[in-house]
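Report on the structure given below.
Excluded from the calculations below are hydrogen atoms, water molecules and symmetry mates; all remaining heavy atoms, backbone and side chain alike, are included. Chain naming here is simple, since letters A, B, ... match the order of the sequence lines and numbering starts at 1 in each.
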Protein chains: 2
Amino acid sequence: MATATHQPKSDKREAILDAALELFVERGFYGTAVPEIADKAGVGAGTIYRYFDSKEALVNAIYRQQKMMFAQVTLGDFPATAPTREQFRTFWMRMAQFATAHPKAFVFMELHHHQRYLDADNVALEQRMLDMFSTVVVQAQTKGDLKQGPPRILMGIVMGAFVGVIRSCAEVDQTLETADWKLAEQMLWEAIRA
Amino acid sequence: MATATHQPKSDKREAILDAALELFVERGFYGTAVPEIADKAGVGAGTIYRYFDSKEALVNAIYRQQKMMFAQVTLGDFPATAPTREQFRTFWMRMAQFATAHPKAFVFMELHHHQRYLDADNVALEQRMLDMFSTVVVQAQTKGDLKQGPPRILMGIVMGAFVGVIRSCAEVDQTLETADWKLAEQMLWEAIRA
DNA sequence: TGTAACGGAATGAACATTCATTCCCCTAAC
DNA sequence: GTTAGGGGAATGAATGTTCATTCCGTTACA
């Protein structure tokens, strides 16, 4: 009826983003043909170009969407004054929640991290997030809650381990239980605590 | 002279492997054109096909070469009877040594891990290595040296963290000092110890 | 009926691979 | 010592294919 049934902004745009995300994760950017994306999304190849200027613009749109969603879930309303131990638990479990809700998103972000086709905005976005994390780490180190050492390394270990956990299970098509996430969280905390 | 002066087995084959490794790391498999590889290797495009049946065969040859070298460096003459703590240190530092000597190799193996174009031999090779590590982890858990939990998760954390450390530094073009590796080793040990 | 969104065949560029040709080096005849 | 010949390695232009993107006839909605 009338104006109501119009749309959730655009059926097709979402379908294209979803299909492309999945294919990019499976086959990579260059390994995925635009008509394949169109097929999976259930639209014509030309339709993709009504919503995105190019294949490159499409991958950048996905990257930005996922990164922002990730930032929102993990950092939104962050308990800035809580003890470091609790902050870490919160952060880790929010990442776990995000990874469960959007299983492909993490792999996508890992895979496309620092690729030639990411535009300047996305590179800057990435940098801003790194800086934010870095600040938090340094503060916690100053308080004596985390081990000393280059923040880069602490962050690399935590994020790397998180991705490692996801991958180790994706490889065998197993889902991670909350208990697994809690175990991993405890392990990583013991790694970084002072 | 006679047979002696023949060659270093083949100049060109090595040049092709090296060039391809570097380009695949930078741009991925599908993002790299065969003539580009030829250019970088300083050979004609056709020459590549004298040494490898196809682009796919080339990437598989690199994968196997790197994986075997990695296995050799990390597992060769492994101190099977040493205490777990020492085994872990040995393993970690050997990985660090490998990553330092072959900076691209790690990134390559990560990137190409479980891609469609890996042949059956390479998939099997990967599986065999995983099983080996898994056995070692289970043994150490039985001895009460490592935390209980799915071996998959322990391995995922260790390998993921290792890659995370490498990447966190590659991103800023910084090299890792021995001190950094030791710090990371200590952190990871605290993560997995019982 | 007019308009905007859509589909998918058409297009031109870029690619992996091939193959006719060149190049290089070794041997042997003189 | 020189040169002619042969054979395998190397080459890169040519080939057929695949791809991102465009274009235009069709559709659906107002």
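- Atom CZ of B:R50 is separated from atom C1' of C:dT17 by 14 Å (rounded to the nearest Å).
- Within the structure, every side-chain polar atom (N or O) of B:Y30 is placed at least 4.0 Å from both OP1 and OP2 of C:dA16.
- With respect to A:K182, the side-chain contact (heavy atoms from CB on, under 4.5 Å) criterion is satisfied by exactly one of A:E177, A:R89, A:M93: A:M93.
- Side-chain proximity of A:K12 to D:dT21, D:dG12, C:dC6: nearest is C:dC6.
- If you find the closest nucleotide of DNA chain D to A:V34 and to A:T47, the one lying nearer the 5' end belongs to A:V34.
- Rounding to whole angstrom units, CZ of residue A:F52 and C1' of D:dT21 are separated by 16 Å.
- Which of C:dG8, C:dA16, D:dA20 sits closest to the side chain of A:P35 comes down to D:dA20.
- Rounded to whole angstrom, the span from the NZ atom of B:K55 across to the P atom of C:dC15 amounts to 9 Å.
- Protein atom OH of A:Y49 is 16 Å distant from nucleotide atom P of C:dA9, rounded to whole Å.
- Between D:dC19, C:dC15, D:dG12, one nucleotide has an atom nearer to the side chain of A:A33 than all others, and that is D:dC19.
- As rounded to whole Å, 13 Å separates atom C1' of C:dT18 from atom CG of B:D53.
- The local environment of CG in B:D131 is crowded, with over 12 non-hydrogen atoms from other residues, nucleotides or ligands closer than 6.0 Å.
- One interatomic measurement links the two molecules: CZ of A:R27 to C1' of D:dA20, which rounds to 16 Å at whole-angstrom precision.
- The closest side-chain donor-acceptor pair between A:E126 and A:Y63 falls under 3.5 angstrom.
- One atom, CZ of A:R13, and another, P of C:dA4, lie 20 Å apart when rounded to the nearest Å.
- Aromatic ring centres of A:H112 and A:F108: separated by under 6.0 Å.
- In this entry the distance linking OH of B:Y51 with P of D:dA9 reads 8 Å, nearest Å.
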